[in-house]
Amino acid sequence: MKIATWNVNSLTVRLPQVLDWLAANPVDVLCLQELKLSDDKFPLQELEAAGYQSAVFGQKTYNGVAILSRTPARNIVKNITGFTDEQSRVIAATLDMPTGEVRVVNGYFVNGQSPGSEKFEYKMKWLESLRNWLREELAEHPNLVLLGDFNITADDRDTYDAEGLRETIHHTTEERQHFQALVKLGLNDAFRMFDQPEKSYSWWDYREMAFRRNRGLRIDHILVSEALKPLVRSCVIDKLPRKNERPSDHVPVVLELDSL
DNA sequence: ATGACTTCTGTGAGAAGA
């Protein structure tokens with residue numbers, strides 16, 4: 001089975017590109033972030049016509065996440081249990097596959113603006129709450145995938161300028177410690193389980209021809225639990241949609257699992 | 001270089017993203 005993540009930066013603008021991508025990449029599950037629309041504006045019918053059901057946690061203007069799947073999602077949880085949040089950033093669901101079930105946790109992690117800001121403090125509290133909740137989710141669901149826009153580079157390989165951007169947002173020691181704390185829960189960075197091209201990124205700024213110059217960051221991640229780790233067949237970044245007209249600044253990351 | 005580009009709201013110009 002295949003599970004993918006894509007920050008679409010407005011589903012209103014990007015729906016045609018999402019439908020095109022799904023036609024070319026008929027994954028079992030597609031997790032979206034930054035819908036930037038309320039639930040009543042979500043294009044349920046269009047996606048259903050493409051063969052996908054949707055579990056949606058929208059928000060007007062900002063944030064918003066959804067899980068699209070070929071089979072029904074059940075046991076849907078919105079946001080981090082035990083953490084009060086005005087912003088729609090997490091949706092989790094269980095998907096039944098022919099040989100078992102998988103728990104999918106889709107997150108649009110806090111950006112954090114800059115170290116020391118109030119938004120950075122919110123990011124730190126959000127990450128700690130996420131970890132504490134995931135510990136419980138993992139105990140209940142051994143087959144778990146955590147994926148989405150983490151807004152964190154895991155290490156220096158994930159940035160086009162490790163020296164110049166050291167300790168700036170997405171690159172701070174504190175953020176990377178949070179990432180490693182998630183790994184320590186038994187969540188493996190699927191992308192790094194394989195040899196990958198150097199300078200592989202999932203996001204490029206719209207400005208300064210950043211994509212053409214490959215000045216990007218790898219901040220969209222797929223982490224798999226210990227039980228799923230032996231089943232991971234591949235994890236790849238699909239850069240193609242960044243060449244579209246009016247592209248999202250992020251591109252999809254796709255995980256392939258055996259037997260599920 | 002407190003920029004650059006894109007989205008949102010709402011119909012201006014500013015906020016937010018990363």
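We name chains A, B, ... by the order of the sequence lines, and we start the count at 1 in each one.
- Mapping heavy-atom proximity under 4.0 Å, the span of DNA chain B touched by chain A runs 5' to 3' from B:dA4 to B:dA18.
- Remark: the separation of the P atoms in B:dA1 and B:dA15 is 23 Å, to the nearest Å.
- Rounded to whole Å, the separation between the P atoms of B:dT11 and B:dT6 comes to 24 Å.
- Across all strands, A:Asn7 comes closer than 4.0 Å only to sugar-phosphate atoms, never to a base (heavy-atom distances).
- The environment of CD in A:Glu167 is crowded: more than 12 heavy-atom neighbours from other residues, nucleotides or ligands sit within 6.0 Å.
- The gap from the P atom of B:dC8 to that of B:dT2 amounts to 28 Å, rounded to the nearest Å.
- Side-chain contact between A:Glu256 and A:Val232: absent, with no pair of heavy atoms (C-beta onward) separated by less than 4.5 Å.
- Contacts of A:His171 with the nucleic acid, taken as non-hydrogen atoms under 4.0 Å apart, are absent.
- Listed by residue number, the members of residues 200-210 of chain A with any heavy atom below 4.0 angstrom from DNA chain B are A:Trp203, A:Tyr206, A:Arg207, A:Glu208.
- With a 6.0 Å cutoff to the six-membered ring centre and a 45° limit on the axis angle, A:Arg70 counts as a cation-pi contact of A:Tyr52.
- Judged by distance alone, the side chain of A:Glu175 and the main-chain N or O of A:His170 form a donor-acceptor pair under 3.5 Å.
- Looking at A:Arg176 and A:Thr153, their side chains do bring a donor and an acceptor atom within 3.5 Å of each other.
- A:Arg213 CZ: more than 12 foreign heavy atoms inside a 6.0 Å radius.
- A:Glu101 and A:Asn143 share no donor-acceptor pair across their side chains, judged by distance under 3.5 Å alone.
- Closest-nucleotide positions on DNA chain B for A:Ile219 and A:Lys60 were compared, and the one nearer the 5' end corresponds to A:Lys60.
- Side-chain rings of A:Phe83 and A:Trp133 stay apart, their centers remaining 6.0 Å or farther from each other.
- Taking atom C1' on both B:dG12 and B:dT7, the two are 16 Å apart, rounded to the nearest angstrom.
- Toward the 5' end of DNA chain B, the nearer of the two residues A:Arg246 and A:His170, judged by each one's closest nucleotide, is A:Arg246.
- Across all strands, A:Arg14 comes closer than 4.0 Å only to sugar-phosphate atoms, never to a base (heavy-atom distances).
- When heavy atoms are screened at a 4.0 angstrom cut-off, A:Gln113 is found touching no nucleic acid atom at all.
- Nucleic acid contact for A:Lys123: none, since no nucleic acid atom lies under 4.0 Å from a heavy atom of the residue.
- Within 4.0 Å of A:Asn63, counting heavy atoms only, lies no atom of the nucleic acid at all.
- Ring-plane geometry between A:Trp21 and A:Trp6 is classed as tilted, the angle between the planes lying from 30 to 60 degrees on a 0 to 90 degree scale.
- Here the separation of B:dA18 from B:dA4, taken at their C1' atoms, is 14 Å to the nearest Å.
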